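One structure is given below, encoded as structure tokens.
Since we're looking at a predicted model, the values are computed, not measured.
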Amino acid sequence: MNRSNLQQTTPAQEQCTATPLGHAIRLLGDEWILLIVMHLLPGPMRFNALRTELGHISSKTLSQRLKGLEELGFIRRDAFLEIPPRVEYQLTEQGQELGAVIEALEQFGKKHLSGQKPTSCSPCALDTE
């Protein structure tokens with residue numbers, strides 16, 4: 001299959017991505033989004049601390065995801081007038097609601113996928129069990 005076939009979408013696919021469910025799937029389908037939210041659930045974090053916790057994420061990618069989450073109203077960026085400047089990111093009430101979605105995904109994984117070997121992704125560094 002050539003690359004151009006992978007990028008083409010059908011009218012039905014385009015219609016599905018225009019629905020609230022389609023938007024949610026696209027948002028939550030980005031592994032960095034889920035990992036950022038997971039790390040912010042306990043409380044606010046500074047950019048570099050968040051980047052360190054996430055591991056192999058570039059500054060540019062983290063900045064883009066944080067900006068997107070901020071535009072959607074899921075996180076709040078608090079800048080403090082200090083020297084050196086300090087910026088913290090924290091989940092809004094709307095962002096905290098993603099915690100329930102993540103918990104549901106975790107329960108599904110434990111129930112149906114525990115003991116399964118991943119087929120195309122590496123093991124999650126956050127999996128403690």
(message) A side-chain contact here means heavy atoms from C-beta on lying under 4.5 Å apart; do L27 and L72 qualify?
(response) yes
(request) Compare all side-chain heavy atoms of I57 with those of L50 and state whether any distance is below 4.5 angstrom. (result) no
(message) To the closest 0.5 Å, what do you measure between NZ (K110) and CG (L105)?
(response) 12.5 Å
(message) I want to check something: taking the side chain as every heavy atom from C-beta on, are I36 and L69 in contact at a cut-off of under 4.5 Å?
(response) yes
(message) How long is the straight-line distance from OG1 of T61 back to NE2 of H56, given to the nearest 0.5 Å?
(response) 13.5 Å
(message) Is any side-chain heavy atom of L91 closer than 4.5 Å to one of L98?
(response) no
(message) Which residues pass the salt bridge (charged side-chain N to carboxylate O under 4.0 Å, His left out) test with E93, not counting sequence neighbours?
(response) none
(message) Are more than 12 heavy atoms, taken from residues, nucleotides or ligands other than H112, located less than 6.0 Å from that residue's NE2 atom?
(response) yes
(request) Go through the structure and list residues passing side chain to side chain contact (heavy atoms under 4.5 Å, CB included) with I25, not counting sequence neighbours. (result) L21
(request) Taking the side chain as every heavy atom from C-beta outward, state whether T92 and I75 have any pair of such atoms under 4.5 Å apart. (result) no
(request) Output all residues satisfying side chain to side chain donor-acceptor pair (under 3.5 Å) with R46, sequence neighbours left out; order by chain, then residue number. (result) none
(request) Just jot down the side chain to side chain contact (heavy atoms under 4.5 Å, CB included) partners of A104, sequence neighbours excluded, or say none. (result) none
(message) If you define the side chain from C-beta out and look only at heavy atoms, does anything of R77 sit under 4.5 Å from L66?
(response) no
(request) Could you grab the distance from atom CZ of F108 to atom OG of S114, nearest 0.5 Å is fine? (result) 11.0 Å
(message) Could you check whether any side-chain N or O of H39 sits under 3.5 Å from a backbone N or O of L35, counting only pairs where one atom can act as donor and the other as acceptor?
(response) yes
(message) Test: side chain to side chain donor-acceptor pair (under 3.5 Å). Region: residues 63-74. Which pairs qualify, not counting sequence neighbours?
(response) D30-R65
(message) With heavy-atom distances below 4.5 Å as the criterion, would you say the side chains of M45 and E88 are in contact?
(response) no
(message) Tell me which pairs pass ring pair (Phe, Tyr, Trp, His ring centres under 6.0 Å) where either residue lies in residues 59-96, with sequence neighbours left out.
(response) none
(request) Flag the pair F47 / L62 as yes when at least one side-chain heavy-atom distance between them is below 4.5 Å, and no otherwise. (result) yes
